[in-house]
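All remarks here apply to the structure that follows.
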Amino acid sequence: MSQCLTIALTKGRLEKKALKLFTQAGLDCSFMEDKKRKLIFKSPNGEFQFLLVKAADVITYVKHGVADLGIVGKDVLLENLYGYYEMLDLKIGQCRFSVASTEDYVVNDYKRKIIATKYPAVASQHFREKGEDVEIIKIEGSVEIAPVLGLADAIVDIVETGTTLKENGLQIYEDICPISARLIVNKASLKRNKQQIFQLIDQLEEVIEGGE
Ligand code: PRP
């Protein structure tokens, strides 16, 4: 009998899309329909269980081997580069990293800029690659208000529809890179459950390629 695989899912926006993908790949996820406030779900056939956690915690559970697999955005992976294998681009949750600010922002200004972001590693790397020394201020959310209120000159954040930027009077000045959800795996688990994990990856790949 195959071992029960534990899969950590990012709660919220990605969760529904990920479950749809797993269902299309042949996993019966109907037991997730009436989930209420529960956070751990074991499939009736005992083949897998889902954990619902915050994005950064998906990586923590996978790193520590509590979860065999995880689904998390590339944005969060870029801030946490090590301790797991990134196996597959799931092509869901697609958005991008951008530099945005108010209309008076000057991209090539001579003064040292202050950048507010939830993603300090991504922001630092972007400006370092441009040869620009900036000050980074870490913000936990609602980053869009930082340039409006004068905390920062600009923000580095994820943009999906662009609605949040627009509604807060910001515009995009630079695109940094595209982002999408990835399947990550615990290193030891990949060795232990190689066949089972690669079979799941093959099934997912078939759905993803079929959808392109
Ligand atoms: C993200 C991001 C933007 C918004 C972009 O925030 O930080 O604020 O989504 O989406 P849009 O381009 O479709 O408007 P999230 O909803 O994750 O909440 P947060 O502000 O608490 O981080």
Side-chain angles (χ1 to χ4, degrees), residues 7-22 32 35 37 39 50-63 67 69-81 84 86 89-105 107 113-130 132 134-184 208 211:
I7 306 170
L9 295 181
T10 300
K11 246 172 35 173
R13 287 196 213 200
L14 271 185
E15 182 187 317
K16 234 174 141 182
K17 290 177 182 164
L19 286 173
K20 186 175 169 203
L21 201 59
F22 278 124
M32 295 289 287
K35 58 188 180 59
R37 301 288 295 168
L39 299 169
F50 288 118
L51 314 180
L52 296 184
V53 295
K54 286 217 169 205
D57 297 334
V58 168
I59 302 174
T60 305
Y61 280 103
V62 169
K63 264 189 191 176
L69 297 153
I71 292 197
V72 63
K74 184 70 179 174
D75 52 328
V76 183
L77 295 176
L78 286 170
E79 291 289 317
N80 301 275
L81 293 173
Y84 55 84
E86 184 183 320
D89 181 350
L90 299 171
K91 313 254 170 90
I92 54 171
Q94 289 178 324
C95 47
R96 63 197 198 272
F97 267 124
S98 300
V99 178
S101 189
T102 45
E103 62 177 15
D104 54 352
Y105 178 70
V107 177
K113 295 185 185 102
I114 301 174
I115 306 296
T117 187
K118 264 196 295 189
Y119 303 93
V122 172
S124 303
Q125 190 183 344
H126 171 69
F127 285 98
R128 201 168 43 243
E129 280 170 4
K130 288 178 43 157
E132 222 182 311
V134 296
E135 178 185 342
I136 306 281
I137 297 183
K138 173 94 193 298
I139 294 279
E140 297 301 331
S142 306
V143 186
E144 289 81 1
I145 64 172
V148 177
L149 300 178
L151 178 70
D153 297 302
I155 61 170
V156 166
D157 200 17
I158 48 177
V159 180
E160 191 178 354
T161 60
T163 310
T164 316
L165 290 183
K166 208 169 149 204
E167 290 193 358
N168 290 286
L170 303 188
Q171 61 196 63
I172 294 174
Y173 284 91
E174 294 168 75
D175 275 327
I176 300 178
C177 64
I179 302 163
S180 55
R182 308 297 159 106
L183 180 75
I184 61 168
I208 296 161

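Note that ligands are numbered from 1 as they come in the structure, with each ligand's atoms numbered from 1 the same way.
Leu165 places none of its side-chain heavy atoms less than 4.5 Å from the side chain of Asp157. With a 4.5 Å cut-off on side-chain heavy atoms, Ile176 and Glu129 do not count as touching.
Remark: minimum distance from atom 5 (C) of ligand 1 to any protein heavy atom is reached at Ile158 O, 3.5 Å. The single protein non-hydrogen atom nearest to atom 11 (P) of ligand 1 is Thr161 OG1, 3.3 Å, given as residue, atom name and distance. Nearest protein neighbour of atom 21 (O) of ligand 1, counting heavy atoms only, is Gly141 CA, 4.0 Å.
With a 4.0 Å heavy-atom cut-off, ligand 1 is reached by the side chain of Asp157 but not by its N, CA, C or O.
At least one heavy atom of Lys118 sits less than 4.0 Å from an atom of ligand 1. Using a 4.0 Å heavy-atom cutoff, Val159 is listed among the residues neighbouring ligand 1. At least one heavy atom of Arg13 sits less than 4.0 Å from an atom of ligand 1.
Among the atoms of Glu140, none of the N or O lies under 3.5 angstrom from an N or O of ligand 1.
Here the rule is side-chain contact (heavy atoms from CB on, under 4.5 Å) with Val72, and of Val58, Asn80, Leu183 only Val58 fits it.
Below 4.0 Å from some heavy atom of Thr164 lie the following atoms of ligand 1, by number and element: 4 (C), 5 (C), 8 (O), 10 (O), 11 (P), 14 (O). Each of the following atoms of ligand 1 lies closer than 4.0 Å to a heavy atom of Glu144: 3 (C), 8 (O). Every atom of ligand 1 is numbered from 1 in the order shown, and the set under 4.0 Å from a heavy atom of Ser142 is 20 (O).
Put simply, the side chain of Lys17 never gets that close to the backbone of Lys91: no donor and acceptor are under 3.5 Å apart.
The aromatic rings of Phe50 and Phe22 are tilted relative to each other, their planes meeting at an angle between 30° and 60°.
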